[in-house]
There are 2 protein chains.
Amino acid sequence: MADVARLAGVSHQTVSRVINGQSNLRPATRLRVEEAIKQLGYRPNSAARALVTRRSATIGVIGSKSGFWGPSSIHRTVQAAGREAGYFVSSVNVPDLTRAAVADAVDHLRDQGVEGIVLIAANDEALDVARAQEAVGIPVVVVEGSLYQARWTVGVDQAAGAELATQHLLGLGHTEIVHVAGPLAWTEARARLQGWQNAMHAAGLRIAPHLEGDWTAESGYRLGGDLVRRTDVTAVFAANDQMALGLLRALWEAGRSVPGDVSVVGFDDIPEAGFLIPPLTTVRQDFAEVGHRAIEMLRAAIADGGPDGDVPDRLVQPELVVRASTAAPRRSKRKAKA
Amino acid sequence: MADVARLAGVSHQTVSRVINGQSNLRPATRLRVEEAIKQLGYRPNSAARALVTRRSATIGVIGSKSGFWGPSSIHRTVQAAGREAGYFVSSVNVPDLTRAAVADAVDHLRDQGVEGIVLIAANDEALDVARAQEAVGIPVVVVEGSLYQARWTVGVDQAAGAELATQHLLGLGHTEIVHVAGPLAWTEARARLQGWQNAMHAAGLRIAPHLEGDWTAESGYRLGGDLVRRTDVTAVFAANDQMALGLLRALWEAGRSVPGDVSVVGFDDIPEAGFLIPPLTTVRQDFAEVGHRAIEMLRAAIADGGPDGDVPDRLVQPELVVRASTAAPRRSKRKAKA
DNA sequence: CTGTTAGCGCATTCAG
DNA sequence: CTGAATGCGCTAACAG
């Protein structure tokens, strides 16, 4: 910077003013300085700036190492939105979302001086850490966590999505609809379970016990092995597409046709969903929107720290994508068809 | 830090020594300082440290927004390995790997003062930028790029993997093996194409023209629509699992059985591969290993800048995973079966 | 083994 | 509209 000042024949701080786009500058001076900057290929030192301004212009994102479609998509969109908003974004992927691992990630990020943190794919333990952190003073926005367990939250309306899926099945005439849930320590899994129950309840139907998987195709396959024997079940709503995929395979192996014998609905709309056998009906989530809102909220939290925004803003509405894995049940048992 | 010094009754400097784990300290003093640090909840300011040491302890990772399995898995493993190595890791996902976008990402990272960059999933344009960057002084390790186009490179031996896949098909007795390649602007796609050609050539077989997809299931499905008419083709080697998945669907729709009528091999071993219909034979890549080596190499590049390591170290060997999508051709046309 | 003295590169007072 | 001083929090020399 001293070099630039010398070359432009001005002082230190005039250069600083140019860089920070201050207004009180004679255009000629500014031009001269800009010229010198370009000529010398000068780049401001962000460490020095951070030291004096006490602003690192950096935010942290905590994700999980596991690489499920939803969380990792959100990680990407949050990253992109953060950068667009002018931040450097520093990521850390924890092996699992245990209290210790998340706390560790938070520490790492704090040491770097991040101004705020976005925590993705939160389960209960992770939420505890988030709450503690907020108390300590560094804003944490939780994505896809429960709205009631953290102050700053953004996410898709999971329950609404699950209701959409279930209602679709209901509308087709199904009454025996089983839910293959995700791990219930995850708030997302619980919200989807809840949505399914709500819809079943609203339709006046008996709510069969749900199954619980771990988001993987393997678990869907394994649980599908059990479901296959229950011939009363005409439809399954899986809490994500991976498990639905495993289910499809189990059904296929058992010689039960989809959607002839049983309809299957997933959740997420992974890019492959439309190319499964058969193409999967599922619930699409607008991850890009989630990413943007997360950053928006984080900025607000950093600037303000005050009361959070309106609840409606935190929820992104999902959308049902109907494909070929769902149809009316073969023999329509009429019963609770209102 | 001044507070800590005061509380411990020592100087500035001694505190600094404790933090940096220097050896010349009386244990008693160290203990006293550590006590004070804990009591005050003191955390070193990394900006100040970066300013004086000229080391940010930060590295950058450039990935692509698209979210394909391979690149995003590597992104995660690189992130993890970087953190284990004591770095802060800052990510940026570019919309596409064009020259402009990558150059932009590099600039962003440089502004942050990263000590080095890992560039993931490189195509030709991105490689240009990487080379330019190396010349300018900031080390760039390219993952999955061509070994000949950049100095610091780590990756899976794509060609070897493709040969593995092709040889498997060959060993089963197939002679008409078509390759559905990835976008050939990607070095990975070219290497896999090359491996297939090598194996075909070595077997003394005619090399049919390849098809070119874009990594997506959709493209596999589309290209599969064409392949379906070519009844002479008994086996297809797809350059990734997504395209193989689309292919499976196209084949299924056309009523051609897999592996009865045609065998299919993929590449990547995505977690769902074992649960497709039928379970997919594919080539597995050890992404964690790639991530570790990338960081290892980046450290070397940062420290040294000198000659690169031995070529063997840059290549991770892939592994064939045989599942149910491959079998001997129905009518064995003997011809080049050695 | 420990304290003292400088200065990293910048933004922020305050004067001109 | 611009320049001169001051200090952010820390580490790197030196002294002692």
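Below, chains carry the letters A, B, ... as their sequence lines are ordered, and counting in each starts from 1.
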**Report entry** Which residues share a ring-ring contact (aromatic ring centres under 6.0 Å, His included) with A:Tyr87, sequence neighbours left out
**Finding:**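 In terms of ring-ring contact (aromatic ring centres under 6.0 Å, His included), with neighbours along the sequence ignored, A:Tyr87 is linked to no residue.
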Query - ring-ring contact (aromatic ring centres under 6.0 Å, His included) against A:His108, all qualifying residues, sequence neighbours excluded - result: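 For A:His108, the residues satisfying ring-ring contact (aromatic ring centres under 6.0 Å, His included) (neighbours in sequence not counted) are B:Phe88.
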Report task. Among residues two or more places apart or on two chains, list those pairs meeting side-chain hydrogen bond (donor to acceptor under 3.5 Å, both in side chains) that have a residue in residues 50-60 of chain B. Result ->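 Listed by first then second residue: B:Arg55-B:Glu115.
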Requested in this report: Choose from D:dT2, C:dC1, C:dA11 the nucleotide whose nearest atom is closest to any side-chain atom of B:Asn24.
Outcome: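 My answer, after comparing the listed nucleotides, is C:dC1.
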Query raised in the report: So which heavy atom on B:Met1 is nearest to which on B:Tyr42, and how close?
Result: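 Looking at all heavy atoms of both residues, the shortest contact is N-CE1, 3.5 Å.
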Interatomic distance where [atom1] belongs to [X] and [atom2] belongs to [N] [whole Å]:
| X | N | atom1 | atom2 | answer |
| --- | --- | --- | --- | --- |
| B:Gln22 | C:dG3 | CD | P | 14 Å |
| B:Leu25 | C:dG3 | CG | C1' | 13 Å |
| B:Asp3 | D:dG9 | CG | C1' | 12 Å |
| B:Arg55 | D:dC10 | CZ | C1' | 15 Å |
| A:Asp111 | D:dG9 | CG | C1' | 15 Å |

Report task. Answer with yes or no whether the side chains of B:Gln112 and B:Ser90 bring together a donor and an acceptor at under 3.5 Å. Result ->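 The criterion, which ignores hydrogens and geometry beyond distance, is satisfied for B:Gln112 and B:Ser90.
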Query raised in the report: Among side-chain atoms of A:His75 and A:Ser91, is any donor-acceptor pair under 3.5 angstrom?
Result: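 Per modelled atom types, A:His75 and A:Ser91 side chains form a pair under 3.5 Å.
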Query raised in the report: Using the C1' atoms of five pairs at each end, what's the angle between the two axes of the helix from C:dC1-D:dG16 to C:dG16-D:dC1, to 10 degrees?
Result: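 It comes to 30° between the two terminal axes.
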Query raised in the report: Only one of B:Val61, B:Ile62, B:Val92, B:Val129 forms a side chain to side chain contact (heavy atoms under 4.5 Å, CB included) with B:Ile117, so which one is it?
Result: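 That would be B:Ile62; it is the only one of B:Val61, B:Ile62, B:Val92, B:Val129 passing the side chain to side chain contact (heavy atoms under 4.5 Å, CB included) with B:Ile117.
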Query - A:Val136: side-chain contact (heavy atoms from CB on, under 4.5 Å) partners, not counting sequence neighbours - result: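 Expected list: A:Arg110, A:Gln133.
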Query - Per-nucleotide protein contact string for nucleotides 4-10 of chain C (B base, S sugar-phosphate only, - none; heavy atom under 4.0 Å) - result: B--BBBB
